[in-house]
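These numbers were taken from a predicted model, which means no experiment stands behind them. Letters A, B, ... mirror the listed sequences (proteins, then strands); counts begin at 1. Just so it is clear, the values below take in all heavy atoms, side chains as well, and ignore hydrogens, waters and symmetry mates.
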Amino acid sequence: MYRTHNCGELRINKLGTEVTLSGWVQKVRKLGGMTFIDLRDRYGITQLVFNDETDAALSEKAQKTGREFVVKINGTVTERSNKNPEIPTGDIEIIVKKMEVLSKSEIPPFTIEENTDGGEEIRLKYRYLDLRRPVVQKGIILRHKMAQEIRNFLSNKEFLEIETPFLIKSTPEGARDFVVPSRMSDGKFYALPQSPQVFKQLLMIGGYDKYFQLTKCFRDEDFRADRQPEFTQIDCEMSFVEREDILTTFEEMTKHLFNKVMNVDFPNAFPRIEYDKAMENYGSDKPDIRFEMKIHDISKLSQNKGFKVFDDAEYVGAICAEGLATYSRKQTDKLIDFVKRPQIGAKGLVYVKYNEDGTFKSSVDKFYSPEDLKTWAEALSAKPGDLILVMSGEKSKTLTALGELRLEMGERLNLRDKNKFAPLWIIDFPLFEKDEETGQFHAMHHPFTSPKPGEFNLLETNPEAVKANAYDLVINGNEIGGGSIRIHNTEMQEKMFEHLGFTKEGAEEQFGFLMKAFKYGAPPHGGIAFGLDRWVALFNGSDSIRDVMAFPKNNAGRDLMIDAPAEIDEQQLTDLHLKIVK
RNA sequence: GGUCCGGUAGUUCAGUUUGGUUAGAAUACAUGCCUGUCACGCAUGGGGUCGCGAGUUCAAGUCUCGUCCGGACCGCCA
């Protein structure tokens with residue numbers, strides 16, 4: 001037998017018990033005639049003691065074990081004379097009688113402790129060692145708990161977990177597909193799903209009116225801290241539902257998860273904000289509403305006073321950063337640099353300091369009287385001591401830039417507390433967005449999204465104004481999930497493809513099977529999908545989804561541990577009818 | 001496709017601004033001392049193609065160009 005207990009469970013009430021433990025040697029402390037070993041497994045750390053006077057040979061053996069050796073010991077649970085209040089097992093230690101080395105270890109490339117000395121790259125390369133660290137385990141365990149709770153909740157609501165295929169067909173809309181060459185069909189390819197979208201709709205037509213799946217999705221685009229080539233979605237779909245049914249069901253699921261996993265309760269309904277309002281007030285379609293600092297339109301108050309920059313602008317907007325009127329010239333210059341960074345791309349920034357004594361000091365004093373500035377302050381509900389930040393230009397771009405600035409100021413004012421959660425729904429997204437270069441319409445959500453009821457007619461006259469029956473769940477500025485009520489009849493779907501620039505033949509070739517299915521009694525349906533990785537990362541307080549994936553890839557989509565992607569041999573290429581062109 | 005930052009001991013970094021003696025620190029590792037440590041302590045020691053290639057120069061970790069690798073971001077991600 002390898003163990004009677006794990007390394008995290010022994011307490012003072014087990015004094016005198018003979019135990020067997022197995023685990024990894026985290027640390028050996030030699031104090032002359034006495035040696036301590038910290039033995040670790042995923043449940044905790046237990047201290048082992050060896051004494052020269054009791055058993056010199058065993059003590060010698062203990063001193064020779066290195067970090068990360070796997071050992072099995074037999075011994076007696078004893079009260080420590082010097083207790084360690086830092087760890088749960090700190091009141092006891094094991095006086096070892098027998099030790100067996102089960103597996104030796106080379107010297108690990110970084111320290112495997114709560115605070116490692118290893119950098120990102122080396123920890124990815126030796127991911128199996130990083131996985132031994134409690135902080136990493138915490139994320140992996142949290143992920144398991146969330147997945148369990150999701151399954152419990154949905155299963156109790158009579159949702160069925162149904163798998164859909166990974167080897168499917170490439171479609172032109174959306175992200176780039178990962179592609180798999182076919183050996184059996186010369187020159188043909190499978191594609192890995194970007195999401196099970198079409199299959200879950202076909203399941204609705206197949207009569208499985210409540211479906212879900214925790215499944216991998218694949219998108220061959222460039223990656224970020226919160227984007228990996230393969231990621232996990234909580235994919236859900238329901239039949240005979242309207243938007244309200246979906247929002248109610250999944251708001252309940254969200255609350256269930258918060259309650260069971262984070263012990264956080266939301267007695268009230270989540271706020272619902274229309275897309276247009278979100279853009280106007282927060283400059284983002286995924287606003288962080290842990291703090292207010294709304295954007296205000298001060299175009300009317302600031303134009304026609306002789307300041308050309310504002311007069312020529314389509315829009316002038318401002319935010320109010322509380323208590324920052326004391327910012328120095330150097331600090332305001334830093335903010336100007338911040339908005340001028342190419343990622344934000346603003347031309348500049350005007351600041352107004354509303355001083356404690358009620359006076360104003362701004363970078364545009366030449367053009368605006370204190371009375372003018374006072375009207376701005378009133379519009380923003382600014383108090384003496386606050387700093388007003390103003391940007392102008394083309395409306396949507398300025399709003400986006402102000403949104404970025406708002407987040408930055410929220411960060412500086414410590415308003416983005418990781419222990420605080422602010423979920424909300426964004427609703428009424430536009431159905432289409434226009435490609436700036438080609439003028440072509442794209443589906444903002446996806447091409448199966450239904451327009452809002454009552455807006456079907458607008459489709460012909462003013463497609464850009466049509467709102468989609470789509471919704472996103474946003475928590476703390478992260479898009480956690482999104483979905484829509486789908487189109488469920490052939491005519492509407494054909495019209496949609498037409499607007500998206502598909503020819504009749506093209507649509508038939510790509511999605512003919514779906515259009516055909518619609519002809520055999522398709523129930524009204526809709527659904528939602530959540531990004532499990534992002535959600536776990538959010539609950540875990542991680543900035544990167546890599547922290548909550550057992551084996552993540554780097555930002556170039558490479559797996560540094562197994563060194564993938566890799567070349568394949570000539571025979572494989574031949575079998576797949578492929579030739580490498582350099 | 002683009003912008004920015006980085007690559008020096010097993011690891012994390014300093015040194016590069018202003019080219020110039022034997023490239024440092026911490027930690028890890030090894031050895032010795034140490035009987036209550038838990039970031040143990042003390043002493044000694046080993047450990048470097050300064051990512052790679054080319055160039056400038058009497059001389060390159062340091063300057064230039066190219067290239068590879070890693071990270072953050074923009075585009076992209078229905």
Side-chain angles (χ1 to χ4, degrees), chain A residues 26-40 45-54 56 59 63-64 66-68 78-87 89-90 93 95 106-126 129 171-177 194-195 197-198 217-229 231 341-345 400 404 429-433 435-437 440-449 468 470 479 482-484 496-497 500 529 531 543-544 546 553-558 560 563:
Chain A
Q26 170 146 326
K27 191 116 198 176
V28 183
R29 286 183 295 277
K30 301 166 200 168
L31 282 82
M34 190 160 235
T35 304
F36 298 99
I37 289 182
D38 287 340
L39 192 69
R40 182 196 64 233
I45 286 177
T46 298
Q47 177 167 282
L48 313 177
V49 206
F50 301 82
N51 196 320
D52 261 2
E53 285 178 2
T54 334
S59 201
Q63 297 204 12
K64 284 202 170 125
R67 283 161 58 208
E68 302 310 316
T78 316
E79 184 169 9
R80 292 201 199 181
S81 57
N82 274 357
K83 292 180 180 162
N84 182 355
E86 302 292 318
I87 59 171
T89 61
E93 64 194 357
I95 293 181
E106 292 191 6
I107 295 157
F110 51 88
T111 57
I112 299 171
E113 293 167 16
E114 195 74 24
N115 293 311
T116 181
D117 61 3
E120 184 94 357
E121 187 179 350
I122 196 142
R123 284 189 291 124
L124 275 180
K125 184 166 179 184
Y126 296 91
L129 296 183
T171 56
E173 269 284 329
R176 207 173 287 121
D177 285 312
Q194 298 172 26
S195 86
Q197 183 57 38
V198 182
C217 301
F218 307 85
R219 293 181 190 174
D220 188 7
E221 294 293 345
D222 284 4
F223 313 118
R224 295 284 189 279
D226 65 346
R227 268 169 32 199
Q228 287 263 311
F231 58 97
R341 280 165 47 222
Q343 287 89 331
I344 297 185
T400 310
E404 293 287 341
F429 281 85
L431 188 60
F432 300 110
E433 61 188 341
D435 189 303
E436 283 189 22
E437 282 163 29
Q440 175 67 49
F441 282 130
H442 290 290
M444 189 150 183
H445 185 55
H446 58 53
F448 316 106
T449 299
E479 182 195 329
S484 62
M496 192 68 184
F497 284 137
L500 293 170
D543 291 325
S544 171
R546 280 174 223 163
K553 295 182 173 56
N554 78 356
N555 72 346
R558 289 174 48 78
L560 296 175
D563 196 23

Within this structure, what is the CD-to-C1' distance between A:E433 and B:rC76, rounded to whole angstrom?
12 Å
Using the C1' atom in both, what is the distance from B:rA26 to B:rG32, to the nearest Å?
22 Å
Which nucleotide in the set B:rU11, B:rC40, B:rC77 lies at the smallest distance from any side-chain heavy atom of A:R29?
B:rC40
Indicate, with a heavy-atom threshold strictly under 4.0 Å, whether A:R546 touches base, sugar-phosphate, or nothing.
sugar-phosphate
Does A:S195 reach a base, just sugar-phosphate, or nothing at all? Heavy atoms under 4.0 Å.
base
Both distances under 3.5 Å, Watson-Crick or G-U wobble: report the partner of B:rA30, or none.
B:rU44
Do the side-chain N or O atoms of A:N555 get closer than 4.0 angstrom to the phosphate oxygens (OP1, OP2) of B:rA72?
yes
Is the side chain of A:R219 donor-acceptor paired with the backbone N or O of A:P229 at a distance under 3.5 Å, no angle test?
no
Across all strands, who's sitting opposite B:rC38 as a Watson-Crick or G-U wobble pair, both distances under 3.5 Å?
none
In whole angstrom, give the distance that lies between atom CD1 of A:I122 and atom C1' of B:rU27.
14 Å
By side-chain contact (heavy atoms from CB on, under 4.5 Å) - contacts of A:R80 (at least two apart):
A:Q47, A:K83, A:N84, A:I87, A:E93
Using atom types as modelled and distance alone, determine if a side-chain donor or acceptor of A:Q440 lies under 3.5 Å from a backbone N or O of A:L500.
yes
Sticking with atom C1', work out how far B:rC40 lies from B:rC34, rounded to a whole angstrom.
11 Å
Under a 3.5 Å cut-off for both distances, is B:rG75 Watson-Crick or wobble paired, and to whom?
none
Touch check for A:E93, heavy atoms < 4.0 angstrom, all strands: base, sugar-phosphate only, or nothing?
base
Ring stacking, A:F36 with base of B:rU37, under 5.5 Å and under 30°?
yes
Between P of B:rG51 and NZ of A:K125, the distance in whole Å
17 Å
Categorize A:K83 for me: base, sugar-phosphate, or nothing, with a 4.0 angstrom heavy-atom threshold over every strand shown.
base
For B:rA39 and B:rG45, measure between their P atoms and round to the nearest Å.
28 Å
B:rC52: pairing nucleotide in any strand, Watson-Crick or G-U under 3.5 angstrom:
B:rG66
Spell out protein contact along nucleotides 1-6 of chain B as letters: B when the base is contacted, S when just the sugar-phosphate is, - when no protein heavy atom is under 4.0 Å; keep the 5' to 3' order.
B-----
Euclidean distance for P, B:rG70 against B:rU21 (whole angstrom)
34 Å
Residue set satisfying ring-ring contact (aromatic ring centres under 6.0 Å, His included) with A:H442, at least two apart, ordered chain then number -> none
Quick one: which of B:rG36, B:rG70, B:rC77 gets closest to the side chain of A:E221?
B:rC77
Watson-Crick or G-U counterpart of B:rG24, or none if no pair lies under 3.5 Å:
B:rC13
Residues at least two apart in sequence or cross-chain that pass ring-ring contact (aromatic ring centres under 6.0 Å, His included) with A:F429, listed by chain then number, are A:Y275
Between C1' on B:rC73 and CD on A:E404, what's the gap in Å once rounded to a whole number?
11 Å
With A:R227 via side-chain contact (heavy atoms from CB on, under 4.5 Å) - residues at least two apart:
A:R224, A:R534
What about A:R224: does its side chain form a donor-acceptor pair under 3.5 Å with the base of B:rG75?
yes
Check A:E120 with A:K125, please: is the shortest side-chain N to carboxylate O separation under 4.0 Å?
no
Write down the distance between CG (A:L31) and C1' (B:rU37), rounded to a whole number of angstrom.
5 Å
Residue-phosphate contact under 4.0 Å: A:K27 side-chain N/O, B:rU37 OP1/OP2
no
Atom pair CZ (A:F231) and CG (A:D226), whose distance is rounded to the nearest 0.5 Å
11.0 Å
Nucleotide-resolved protein contact map, nucleotides 41-48 of chain B, B/S/- at heavy-atom distance under 4.0 Å:
--------
Distance between P atoms of B:rG48 and B:rU11 (Å, rounded)
12 Å
Base, sugar-phosphate or nothing for A:P447? Non-hydrogen atoms, less than 4.0 Å.
base
Do A:R227 side-chain and B:rC77 base share a donor-acceptor contact under 3.5 Å?
yes
Ignoring the backbone of A:D117, work out which of B:rU11, B:rC40, B:rA72 is nearest its side chain.
B:rU11
Write down the distance separating the P atoms in B:rG61 and B:rU67, rounded off to the nearest Å.
23 Å
Donor-acceptor pair present, A:R67 side chain and B:rC29 base, under 3.5 Å
no
A:T35 meets the side chain to side chain donor-acceptor pair (under 3.5 Å) criterion, sequence neighbours left out, with A:Q63
Nearest whole angstrom, please: distance from the C1' of B:rC40 to the CG of A:D38.
11 Å
Counting only distance, no hydrogens or angles, is the base of B:rU37 paired donor-acceptor with the side chain of A:N82 under 3.5 Å?
no
Using the P atom as the point on both nucleotides, what is the distance between B:rU18 and B:rG71, in whole Å?
32 Å
By the 4.0 Å heavy-atom rule, please label A:I45 as base, sugar-phosphate, or nothing.
nothing
Does A:D117 have any side-chain contact (heavy atoms from CB on, under 4.5 Å) partners at least two apart in sequence or in another chain, and if so, which?
A:F110, A:T111
Residues A:R558, A:D563: salt bridge by 4.0 Å N-O rule:
yes
Between C1' of B:rU12 and CD of A:E120, the distance in whole Å:
14 Å
Residues in side-chain contact (heavy atoms from CB on, under 4.5 Å) contact with A:E114, at least two apart in sequence or another chain
A:P134, A:V135
Can you tell me if A:Q194 uses its side chain to pair, donor with acceptor, with the backbone of A:A175 under 3.5 Å?
yes
Out of the candidates A:Q26, A:R29, A:K27, only one should pair with A:D38 under the side-chain hydrogen bond (donor to acceptor under 3.5 Å, both in side chains) rule; please name it.
A:R29
Taken to the nearest whole Å, NZ/A:K553 to P/B:rG70 is 14 Å
With rounding to whole Å, what would you report as the distance between B:rG47 and B:rU22 at their C1' atoms?
16 Å
Under 4.0 angstrom, heavy atoms only, what part of the nucleic acid is A:N51 near: base, sugar-phosphate, or nothing?
base
Pairwise 5' ranking along RNA chain B for A:D226 and A:I87, keeping only the more 5' one:
A:I87
Could you say whether A:E86 or A:A556 is positioned toward the 5' end of RNA chain B, judged by the nucleotide with the nearest heavy atom to each?
A:E86
Donor-acceptor pair under 3.5 Å, A:R80 side chain vs B:rC38 base:
yes
